[in-house]
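Chain A is the first sequence line, chain B the second, and so forth, proteins listed ahead of strands; every chain is numbered from 1. A quick note: this is a predicted structure, and the numbers were derived from the prediction, not measured. Every heavy atom of this structure was used, including side-chain atoms; hydrogens, water molecules and symmetry mates were not.
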There are 2 protein chains.
Amino acid sequence: MSKLQTVRRLPVEQDRSPVAPEWLNTIIKGDCVSRMAALPEKSVDAIFADPPYNLQLGGDLHRPDQSKVDAVDDAWDQFESFAAYDAFTRAWLLAARRLLKPNGTIWVIGSYHNIFRVGAIMQDLGFWILNDVVWRKTNPMPNFRGRRFQNAHETMIWASKSADAKAYTFNYDAMKAANDDTQMRSDWLFPICSGGERLKDGEGQKVHPTQKPEALLARVVMSSTRPGDTILDPFFGTGTTGAVAKRLGRNFVGIERQDDYIEAATDRILSVEPLDADVLRISAGKRAEPRVPFATLVEAGLVAPGAELTDAKGRWQASVRADGTIAFGGEAASIHRIGAKVQGLEACNGWTFWHVRENGRLRVIDELRQIVRDQMAAAPA
Amino acid sequence: MSKLQTVRRLPVEQDRSPVAPEWLNTIIKGDCVSRMAALPEKSVDAIFADPPYNLQLGGDLHRPDQSKVDAVDDAWDQFESFAAYDAFTRAWLLAARRLLKPNGTIWVIGSYHNIFRVGAIMQDLGFWILNDVVWRKTNPMPNFRGRRFQNAHETMIWASKSADAKAYTFNYDAMKAANDDTQMRSDWLFPICSGGERLKDGEGQKVHPTQKPEALLARVVMSSTRPGDTILDPFFGTGTTGAVAKRLGRNFVGIERQDDYIEAATDRILSVEPLDADVLRISAGKRAEPRVPFATLVEAGLVAPGAELTDAKGRWQASVRADGTIAFGGEAASIHRIGAKVQGLEACNGWTFWHVRENGRLRVIDELRQIVRDQMAAAPA
DNA sequence: TAACGGCCTGAATCATCAC
DNA sequence: AGTGATGATTCAGGCCGTT
C-alpha cells in the first residue's frame with residue numbers, strides 16, 4: 001500500500017503510543033469503500049458519516065428577489081437511480097461495519113431525500129438503531145415558492161453494530177448535565193455552519209457546499225465517544241469531524257477523494273488547539289423564549305374556533321378560525337395583521353392587542369400564550 | 001360486498017349529496033389491504049396512515065406459512081421480520097396509492113423502528129416526498145435505563161402521488177398566518193395525547209396504545225386538505241382522523257379490524273360537533289385572487305395611456321401604451337418583461353416593481369390592481 | 001462607538017394558466 | 001400535449017458601510 005502518496009499525516013497529540021497505527025490522525029485519499037477495505041477490521045470506536053444525499057434537484061431555483069440559489073450540483077451527489085444509490089450505500093455501510101469495534105457506534109446524517117434508504121439498509125445489514133436524532137436548524141433556508149413546509153431539519157441515525165452490543169459508549173450524565181439536568185432529547189437545535197466557521201477559498205467562495213457545524217459534531221462526539229477513542233469519517237470533506245475530534249481529545253481517520261477538500265481540511269485541523277481534559281464540556285445552545293403560534297392556542301383548546309377576540313376597549317371584534325387566523329369584515333389573516341388592519345396601522349402585536357372574554361372579564365391572549373409556554377417547559381426549544 | 005355487516009355508517013353532515021358514495025364517512029371493518037382494494041380508484045383526496053411498527057403486533061407479521069415471527073434475537077430472524085414487514089408495508093401502500101386522486105397527498109407517521117423502511121418503500125412505489133415533518137413531543141416518555149437519548153419525537157412523511165403531481169393542496173398562506181406570519185417549519189411541537197382526550201375503557205385503561213393527539217391531526221388536515229375533501233385512514237384505530245375530519249368539515253373513510261376500536265371510534269365521532277363553514281374558510285393569498293391583466297387598469301382609467309411608470313427608486317421609466325403594454329427604449333412588452341429587461345434579470349413581477357406617480361408620491365401598481373379586484377367583487381360577472 | 005440598514009447566503013427534490 | 005406568458009414567492013444571521 002503506497003500510503004506515502006495518498007495519506008496526509010497530521011501532527012496531533014492524541015496518540016503517541018508506539019503501537020498507534022500509521023493511519024491514525026491522517027486523511028486517506030481515495031474512494032471510501034476500497035480505502036476502508038484496506039484498514040484492519042474492528043479498529044475504530046465510532047464512525048460519523050455524511051454521505052451524498054442524492055438530492056435530485058431539477059431546474060434552477062430563484063429567490064423572490066430573483067437571485068439564484070447556489071444549489072448542490074456537485075458530481076459526487078449524482079446517482080442514476082435509487083438502485084444505484086442503494087448499491088453505493090450498501091457498499092460503504094458494509095465496509096464501515098467491518099471496521100467498527102463490537103461495541104462501537106455509527107452516526108449517519110441525511111435528509112428526507114436519502115435518510116430513509118440509508119436507515120432501511122442499515123437495519124438490513126444488522127446495525128441496531130439506538131436513536132434517530134433531529135438536527136433542528138435555527139436558520140434554515142426558506143421555501144421560496146411557498147409550496148411546502150420550510151425544510152428546517154436534518155436527521156441523524158445513531159446505531160450500534162448489532163442488537164446484542166449492549167456495552168456501547170453513551171455519556172448519559174454528561175448529556176444530562178449539558179441539558180439543564182434533564183435527559184438530552186432526540187431533537188437538537190443548532191445554527192447552520194456560517195460566518196467565520198465556514199471555510200472560504202481565495203475568492204470568498206465556500207470550499208464545500210455542505211460543511212456541517214462544529215457544534216453538531218461536538219455533541220455527537222461528546223455523547224458517544226471517550227477521550228482517546230478513534231473516530232472514522234469516510235466522507236471527510238473539509239474535516240469537521242477531524243477538527244472536532246482533535247479539539248475534544250479524540251483520534252480520527254478521514255477518507256476523502258478530492259484534493260481541494262483534503263488541502264482545506266489539513267490546514268484547518270493543523271490550526272486546532274486541543275482542549276484541556278477538564279475543559280471538555282459541551283456548551284448548551286442559546287435558548288430564547290419559544291415561538292408559540294396563535295394556532296397552537298386553538299389547537300390546545302385554550303381558544304375555541306368561532307370565539308370572539310376584542311381589543312382592550314371593546315372597539316373591534318374578530319372571530320377565531322380553526323386554522324389559527326382571525327376574521328374581520330370578510331377578511332382573515334393573522335392576529336397581527338388584523339390587529340394592524342382595524343387600527344389602520346402598519347403593524348400590531350396581536351398578542352397584546354387582542355383579548356378573550358372569560359366570565360365577563362377581558363383577558364389578553366398573551367396570558368394564554370404563557371400557559372402554553374409553561375406546558376412546553378418540559379420540551380425546551 | 002356485504003357492507004351491511006362490516007360498515008359502520010356514521011351520521012355526519014359533510015356530504016349529503018345524492019351522489020356521495022355509500023362508504024363516505026363510514027368505518028369499514030376488515031383488513032386494510034383487501035378493503036382498500038374494494039374501493040374505487042382515485043377516490044380520496046388525502047390519506048393519513050399510522051401503521052403498526054411493532055413486529056409482534058397484529059397478525060400481519062406472520063411468515064408466509066402462518067408461523068408467528070419469533071422474538072428478534074438473531075440476525076436471520078431479524079431479516080425475516082424486516083422482510084415480512086416490508087411486504088406488508090408494500091401491500092398497503094400500493095393499495096393506498098391506487099385510491100389516491102392524482103393530486104392527492106399521503107401522510108404516514110412512524111418512529112425509527114419502521115419509518116425508514118416505510119419511506120424507502122414509498123419512494124420505490126413512486127410517491128414523491130414533499131417533506132418529512134417531525135412531531136416534537138412536549139412530554140415524551142423518559143429513557144428509564146439512561147442508555148440512549150430520550151426518544152422525544154416521531155416522524156411523518158408527507159408525499160404526493162408522483163413527482164409530476166404539482167397541483168397538490170398546500171394551504172401555504174393559512175399555515176404562515178397561523179405561525180405568526182413566518183412560514184410553517186417542518187418541526188412541530190405538540191403534547192402527546194393524554195388527559196380528557198385520551199379514550200379510556202370502563203376500567204380506566206387506555207383503549208388504544210398509540211392514540212394520536214387531535215391537535216397533530218388538525219394541523220395535518222388544515223395544511224393539506226380543503227373543506228369537503230375526503231380523507232382515508234387505513235389504520236383507523238379509535239378514529240382520531242375521523243373526529244378531526246368531521247370537526248373540520250372534511251369527509252373521512254376509516255378501515256379498522258378490531259371491533260373494540262370501531263366501537264370507541266363510533267361513539268367518539270358521533271359526539272363531534274362540526275365547526276361552522278365560515279370558521280373553516282382557508283386563508284388564501286394572492287394565488288387565489290382572480291387574474292387581472294394590466295390592460296384592464298388602462299381600460300378602467302386607473303392608468304392613462306402615455307403615463308410614466310417607474311421603479312421604487314426612480315432608476316427607470318417606461319411609458320404606458322393603450323394596449324396594456326409598456327414601452328422602454330424602443331421596445332414594448334408586458335410590465336413583467338420590461339421590468340425584467342431593465343434590471344437585466346430573467347423574470348420580474350411587474351405588479352410589485354412598477355409604480356405610478358400620484359400627487360408627487362409613488363404608488364405601486366399592485367394597489368391599483370386591488371382596486372379593480374374590489375370592483376369586480378362588488379359587481380360579479 | 002454604537003446603532004442601523006442594506007446586502008448576501010444557506011443540502012431545495014419550490015407554477016400555473018391560456019392557447 | 002406542448003409552448004409561451006404571467007406573476008407568486010423568503011428567514012435568520014453575518015458582514016459591511018453609513019449615520
Side-chain angles (χ1 to χ4, degrees), chain A residues 50-74 76-77 79 82 109-115 135 137-155 191-198 200 204-206 208-213 237 286 288 291, chain B residues 123 127-132 159-160 162-168 170 172-173 176 179-186 284-295 313 324-325 333-337 339-340 346-354 365-366 369:
Chain A
D50 184 9
Y53 287 9
N54 189 22
L55 284 186
Q56 301 182 256
L57 301 179
D60 289 344
L61 178 65
H62 294 86
R63 298 183 180 81
D65 64 5
Q66 302 301 332
S67 63
K68 186 168 168 244
V69 173
D70 185 17
V72 177
D73 54 3
D74 305 67
W76 49 255
D77 198 46
F79 293 85
F82 280 136
I109 186 169
S111 67
Y112 67 83
H113 310 84
N114 71 321
I115 198 64
W135 168 28
K137 303 179 184 182
T138 59
N139 48 352
M141 190 185 298
N143 184 290
F144 295 115
R145 306 299 292 268
R147 295 297 295 146
R148 305 180 178 192
F149 299 101
Q150 181 182 31
N151 189 11
H153 73 275
E154 295 188 26
T155 300
I192 61 176
C193 181
S194 67
E197 187 185 330
R198 189 83 193 217
K200 303 282 175 61
Q205 301 296 305
K206 56 193 176 194
H208 195 284
T210 70
Q211 185 182 339
K212 295 294 177 288
K286 56 185 171 185
R291 172 192 293 275
Chain B
Q123 291 179 311
F127 286 109
W128 193 246
I129 299 180
L130 299 168
N131 282 111
D132 60 334
S160 61
S162 66
D164 58 318
K166 304 282 191 187
Y168 57 86
F170 178 55
Y172 174 78
D173 294 285
K176 182 172 174 177
N179 191 42
D180 276 9
D181 293 323
T182 62
Q183 49 182 222
M184 188 69 80
R185 295 168 48 111
S186 56
K286 283 185 180 176
R287 265 194 196 94
E289 296 280 316
R291 289 199 173 198
V292 176
F294 181 67
K313 296 185 179 171
T325 60
S334 73
I335 52 173
H336 313 296
R337 294 259 57 82
E346 286 287 314
C348 167
N349 184 343
W351 291 110
T352 53
F353 179 74
W354 293 111
I365 61 173
D366 204 30
R369 179 169 63 163

Report yes if at least one side-chain N or O of B/H336 is closer than 4.0 Å to OP1 or OP2 of D/dG7; otherwise report no.
yes

Integer angstrom distance from the C1' of C/dT9 to that of D/dT10:
12 Å

Could you check whether A/G59 gets within reach of a base, just the sugar-phosphate, or nothing at all, counting any heavy atom under 4.0 Å?
base

D/dT9 C1' sits how many Å from A/L61 CG, rounded?
10 Å

Measure up the A/H208 and A/W76 rings against each other and bin them: parallel (under 30°), tilted (30 to 60°), perpendicular (over 60°).
parallel

Start and end of chain A contact along DNA chain C [non-hydrogen atoms, under 4.0 Å]:
C/dT9 to C/dT16

Between B/D173 and B/K286, does any NZ, NE, NH1 or NH2 come within less than 4.0 Å of an OD or OE carboxylate oxygen?
no

It should be established whether A/K137 places a side-chain nitrogen or oxygen under 4.0 Å from OP1 or OP2 of nucleotide D/dC11.
no

With a 4.0 Å cut-off, would you call A/D50 and A/K212 a salt bridge?
yes

Separation between the C1' atoms of C/dC14 and C/dG10, rounded to whole Å:
15 Å

Give DNA chain C the dot-bracket treatment, 5' to 3': Watson-Crick (N1-N3 with N6-O4 or O6-N4) or G-U (N1-O2, O6-N3) under 3.5 Å, [ ] crossing, | other strand.
.|||||||||....|||||

Check every strand shown and say whether A/D50 touches a base, only sugar-phosphate, or nothing at a heavy-atom separation below 4.0 Å.
base

Can we say B/E346 and A/K68 salt-bridge, meaning some charged N sits less than 4.0 Å from an Asp/Glu carboxylate O?
no

Compare side-chain N and O positions of A/T138 against OP1 and OP2 of D/dA12 and report whether any pair is under 4.0 Å apart.
no

Whichever of A/P142 and A/Q211 has the more 5' nearest nucleotide on DNA chain C, that residue is A/Q211

Base orientation of D/dT6, syn vs anti, 90° cut from 0
anti

